[in-house]
Structures are given as C-alpha cells and as structure tokens.
Amino acid sequence: MAIAAVVLSGIVGTVLRILLFYTGIPAWLRERREVVTPLTSWERVLEGIALQKQFISPYTGDVFHETPLLLMFLRLVEHIPGGSKTIFIVTDIIIGVLLSEIAQEFTRFEYKRQQNELSTYSPKAKGLLLQAKSLITVPVTVVMIHFFGPYSIATCLAHSTAVFTTVAVLMCWMYTLRGNVLLSCLALAVAAYQSVYPIIFIIPVATHLFLLSNPKPPSFVCRPAVQSYVRTVLVFTVCLASMLGASFSLEGSWEFLRATYGFILGVPDLTPNVGVFWYFFTEMFEHFRIFFVCVFQINAFVYSIPLGVKLRERPLFQLYVVMFVVSIFKSYPSYADTALCLSLMPLWKHVFGYLRNVLVVSVMYLVVAVVAPILWHLWIYAASANANFYFAITLLFSTAQIFLLTDLLFAFLRYEYDLKHGTEHCLPDGQKTSVVLE
C-alpha cells in the first residue's frame with residue numbers, strides 16, 4: 001500500500017510538472033528572486049554554454065558561476081529530446097526516488113536503534129516509542145511533500161540548478177545511512193564542490209559512520225573514533241581534490257575558483273534573494289565590507305561545532321540541523337534549500353507532538369509566498385515602494401526558518417529527555433511539575 005502511494009505520488013507529481021511547463025508559470029518563476037539566484041539561474045548557464053562554444057572562457061566575466069564539471073554535464077545533455085525540461089523533470093524524479101530510499105533506510109535504522117536502547121528508556125515512556133505501523137507512512141509523506149510541495153515545484157519549473165546540489169546531498173544521506181564510506185564521501189564531495197557550504201556536513205557524516213561500526217563507543221575521542229574520522233575526512237578530501245583537479249584540466253587555469261567559490265564567499269552580486277546578505281551589504285560602507293562578510297559567513301559554519309558536541313549521539317539529526325542552518329545563513333539562499341529541508345522533516349514526525357509554533361510558522365511561510373511577489377512588483381515595476389519593503393518580507397522568511405528550526409530542535413531534545421525520564425515529572429515531594437530546557 002505504501003509503495004503504491006509513493007509511486008502514485010511520483011506519477012501525479014511528474015504529470016503536474018509536465019503540464020505546468022506548458023503554461024506561462026515557468027517564465028514568471030525564472031524571474032522570481034526567491035526561486036533563482038545568480039548562482040542557480042538557467043539563463044546564466046545558457047550564457048556560459050554559449051561562451052564556451054565560442055572558445056571563450058565563461059569565467060572571464062561576471063555572469064557564469066557554475067562549476068566546470070556541471071557545465072560539461074549540461075553541455076552533454078543539452079540536446080536530449082525535450083531539452084532542459086526533460087533534464088529537470090528527470091532530476092526531480094531522481095530526487096523523489098532518493099527521498100523514498102532515505103526515508104525507508106532511516107525508519108529501519110531508527111527502529112533498530114530504539115530496540116537496542118530500549119533498556120535505557122523509562123517504563124513511563126511507552127507511549128513515545130516508535131511503532132512499525134506508524135513508520136510505514138514516513139516514506140509516503142516525504143515523497144508527497146517533494147512532488148506536491150510548492151517550493152519543489154517552483155524550483156523545477158524555474159530550471160534552478162540547485163537541484164543538482166540537492167541530488168548530491170541526498171545521495172550523501174543515503175550512503176551515510178547505508179554505511180558506505182566511499183560513496184558517502186564522494187557524494188558529499190560533489191555537494192561541497194558545487195556549493196562550498198556542505199563541507200561542514202563532514203562532521204555528522206563522520207560521526208554516524210563511526211557509530212555504525214561502534215554502536216556503544218567508550219568515547220567519541222578514543223583512538224578508534226579518531227581513526228574513523230581521519231579515514232572519512234581523508235576519503236572526502238581526495239574526492240574533492242580530484243574534482244578540482246579535473247576542473248583545472250578542463251579549464252586550463254584556476255580562474256574558475258574566483259568565479260565560483262570566490263563568488264559564493266565574497267558575495268559581490270547583491271541581487272535580492274530570500275537571504276539577508278544582499279540588503280546589509282547594499283547599505284554597508286565599503287571599508288567595513290570584508291569584516292562583515294567574514295562575520296556573516298561564519299554564521300553558516302560556526303554552529304556546527306556546538307551542534308556537533310550536543311548532538312554527537314544523534315548525528316543524523318545533527319546533519320539535518322546543520323543543513324537547515326546552512327539554508328538560512330548561506331550567501332545566496334533560495335526556495336530550493338527550503339524545499340530540501342521541508343522534504344526531509346517528516347523523518348522526525350515522532351517529535352512533532354512537541355512543536356509549539358506550527359501555526360505561527362505556517363502563517364509566516366504563507367504570507368511570504370503571497371506578499372513577496374507583490375512587494376517586488378511595487379518596488380521594481382510600480383516604483384511605489386523601496387528596498388526596505390522587500391527586505392522586510394525576506395527577513396520574515398528567515399525568521400520563519402529560524403523559528404521552525406529552533407522549535408524542531410526543542411521538540412527533539414524534549415522527546416529524548418522524556419524517553420529517558422518518562423512523560424510525568426514530579427518534584428521530590430511528589431508534586432507534578434513541568435520541564436524547562438535552557
């Protein structure tokens with residue numbers, strides 16, 4: 001039944017995308033700043049291909065910012081039947097398949113882990129335990145959110161090249177769950193090669209791969225642990241270095257580094273998006289720019305350290321949280337990042353009962369989806385608003401993301417606490433009390 005629902009969702013979602021491609025919506029979405037960025041614009045990819053056909057390096061100007069290997073791949077599939085529509089539809093189907101596989105692997109892993117830790121749980125926490133019947137619906141929910149979620153549909157229709165990074169990240173998830181060090185690190189290296197920020201995913205990935213071979217380690221800094229981390233980091237580094245070397249061979253120079261990673265980290269293009277970089281650096285005095293670029297970029301990386309310490313025993317949730325943090329604080333975020341985070345969220349549906357801000361966050365997401373295009377039109381076309389109006393709605397979007405992430409983190413920690421201590425909490429004198437996480 002669950003498999004049939006997954007297949008049906010995929011078929012209906014694919015047909016929906018095909019039908020929408022023959023409307024005026026894709027052309028409109030390609031101009032939406034919330035959906036495409038200077039990094040993921042399909043028009044810029046076409047420009048890069050055109051320059052390369054004229055034997056001009058696409059990295060000499062300030063238009064093309066994709067990696068050389070992705071450009072080579074897109075040139076190879078450029079002439080397939082159906083053109084770019086086929087590429088993005090097939091990629092979306094691959095994402096759906098990967099999400100289904102991840103959900104199935106994850107539910108099996110979590111149920112097995114629960115059975116192994118059952119003796120450490122409170123007898124009063126039986127109502128919180130994962131049930132095999134409820135886990136069956138997780139793959140269906142994950143796939144349905146992807147195929148029918150407005151963010152996923154918009155990303156596909158707009159031809160956002162962010163979908164290729166999404167495929168790499170999901171492959172990393174899948175092979176990490178399966179314990180395949182080589183393929184997991186290779187997929188993570190592809191994601192980091194495309195977008196830089198996934199480099200920090202190596203922390204939870206290495207931790208999970210270590211825990212698979214050592215379910216009850218004496219310490220996370222013991223000799224076997226360090227050896228496992230070093231092996232994982234080494235494989236990842238070799239894979240990433242190989243791709244950079246192949247890129248150098250294709251281009252004949254290292255100029256692509258400035259146009260890709262330099263562009264991501266230096267944030268020279270201040271085209272508005274759903275992030276916060278563009279507005280702050282539009283208003284910034286030039287002599288403060290380098291300092292604040294470093295401060296803003298640190299936000300995307302620094303939280304991985306405390307999260308790695310706090311969630312070291314739950315590296316898969318740590319990986320998800322770090323991924324969500326990156327989607328908020330990266331320099332050029334888009335709806336594609338949100339689509340990936342929301343698609344994976346049902347993996348932790350067992351903690352949803354502890355969420356406190358569902359209504360508020362849902363309304364915030366809805367308001368942004370409706371109001372952002374209106375404020376953009378008022379600012380750019382009607383000239384009856386200014387940048388502050390559009391920044392206010394992008395700031396609301398970032399706030400909604402932060403609210404959702406912190407609420408999910410609270411729910412997860414509270415769920416883990418109640419598993420160990422039960423759902424009824426009493427003071428020493430027997431009076432009932434509530435638990436507050438600080």
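All values reported here derive from a predicted model rather than from experimental measurement.
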Quickly, which of N273, N299, D337 forms a side-chain hydrogen bond (donor to acceptor under 3.5 Å, both in side chains) with K330? Name it, please. D337
Taking all non-hydrogen atoms of both residues into account, name the closest pair between [X] and [Y] and its distance.
X: A168; Y: V190; value: CB-CG1, 3.7 Å
X: Q194; Y: T165; value: CB-OG1, 3.5 Å
X: H146; Y: D92; value: NE2-O, 3.0 Å
X: P58; Y: L51; value: CA-CD1, 3.9 Å
X: L29; Y: V35; value: O-CB, 4.0 Å
X: L39; Y: T161; value: O-OG1, 3.6 Å

Are any side-chain N or O atoms of [X] and backbone N or O atoms of [Y], one a donor and one an acceptor, separated by less than 3.5 Å?
X: R414; Y: V351; result: no
X: S331; Y: I264; result: yes
X: D407; Y: L355; result: no
X: S134; Y: L130; result: no
X: S100; Y: G96; result: no
X: H65; Y: T260; result: no
X: R44; Y: V63; result: yes
X: S249; Y: G245; result: yes
X: Y151; Y: S334; result: no
X: R17; Y: K85; result: no

Gap separating the [atom1] atom of [X] from the [atom2] atom of [Y], nearest 0.5 angstrom:
X: S398; Y: F403; atom1: OG; atom2: CZ; answer: 11.5 Å
X: L20; Y: I153; atom1: CG; atom2: CD1; answer: 6.5 Å
X: C156; Y: F21; atom1: SG; atom2: CZ; answer: 4.0 Å
X: I93; Y: T14; atom1: CD1; atom2: OG1; answer: 4.0 Å
X: T399; Y: I393; atom1: OG1; atom2: CD1; answer: 10.0 Å
X: L128; Y: L419; atom1: CG; atom2: CG; answer: 5.5 Å

Polar contact flag, side-chain donor to acceptor under 3.5 angstrom, T37-T40: yes
Residue pair S160 / T155, side-chain donor-acceptor N/O under 3.5 Å: no
State yes or no: are the ring centers of H208 and F109 separated by less than 6.0 Å? yes
Do Y229 and F210 have ring centroids that are under 6.0 Å from one another? yes
Just wondering, are more than 12 heavy atoms of other shown residues or ligands nearer than 6.0 Å to [atom1] in [X]?
X: I290; atom1: CD1; answer: no
X: E283; atom1: CD; answer: yes
X: F106; atom1: CZ; answer: yes
X: M174; atom1: CE; answer: yes

Where does the angle between the aromatic ring planes of H159 and F88 fall among parallel (under 30°), tilted (30 to 60°) and perpendicular (over 60°)? parallel
Any idea how Y279 and F391 line up, ring-wise: parallel (<30°), tilted (30 to 60°), or perpendicular (>60°)? parallel
Can we say E105 and R108 salt-bridge, meaning some charged N sits less than 4.0 Å from an Asp/Glu carboxylate O? yes
Cationic N near anionic O, under 4.0 Å, R113 to E313: no
Check whether any side-chain heavy atom of [X] sits under 4.5 Å from a side-chain heavy atom of [Y], and report yes or no.
X: Y354; Y: L413; result: no
X: V196; Y: L265; result: yes
X: E66; Y: L74; result: no
X: F397; Y: Y335; result: yes
X: F352; Y: V358; result: no
X: L69; Y: F256; result: no
X: L183; Y: R178; result: no
X: L344; Y: L99; result: yes

For L366, all residues meeting side chain to side chain contact (heavy atoms under 4.5 Å, CB included), sequence neighbours excluded: V370
Pair listing, ring pair (Phe, Tyr, Trp, His ring centres under 6.0 Å) test, anchored in residues 296-318, at least two apart: Y197-F301, F277-F296, F280-F296, F281-F296, Y303-F329, F317-W348, F317-F412
Given the rule in the side-chain contact (heavy atoms from CB on, under 4.5 Å) test, do S84 and W42 qualify, once you have shown the distances and angles that lead to the verdict? CA-CA 9 Å; S84 59; W42 182 248; 3.5 Å; yes
What do the steps show when you test C239 against V235 for side-chain contact (heavy atoms from CB on, under 4.5 Å), and what is the final call? CA-CA 6 Å; C239 292; V235 174; 4.2 Å; yes
side-chain contact (heavy atoms from CB on, under 4.5 Å) for Y332 and D269? Distances and angles first, verdict last. CA-CA 9 Å; Y332 295 101; D269 191 322; 3.5 Å; yes
Under the side-chain contact (heavy atoms from CB on, under 4.5 Å) rule, what do S362 and Y365 come out as? Steps first, then yes or no, please. CA-CA 5 Å; S362 300; Y365 274 123; 5.9 Å; no
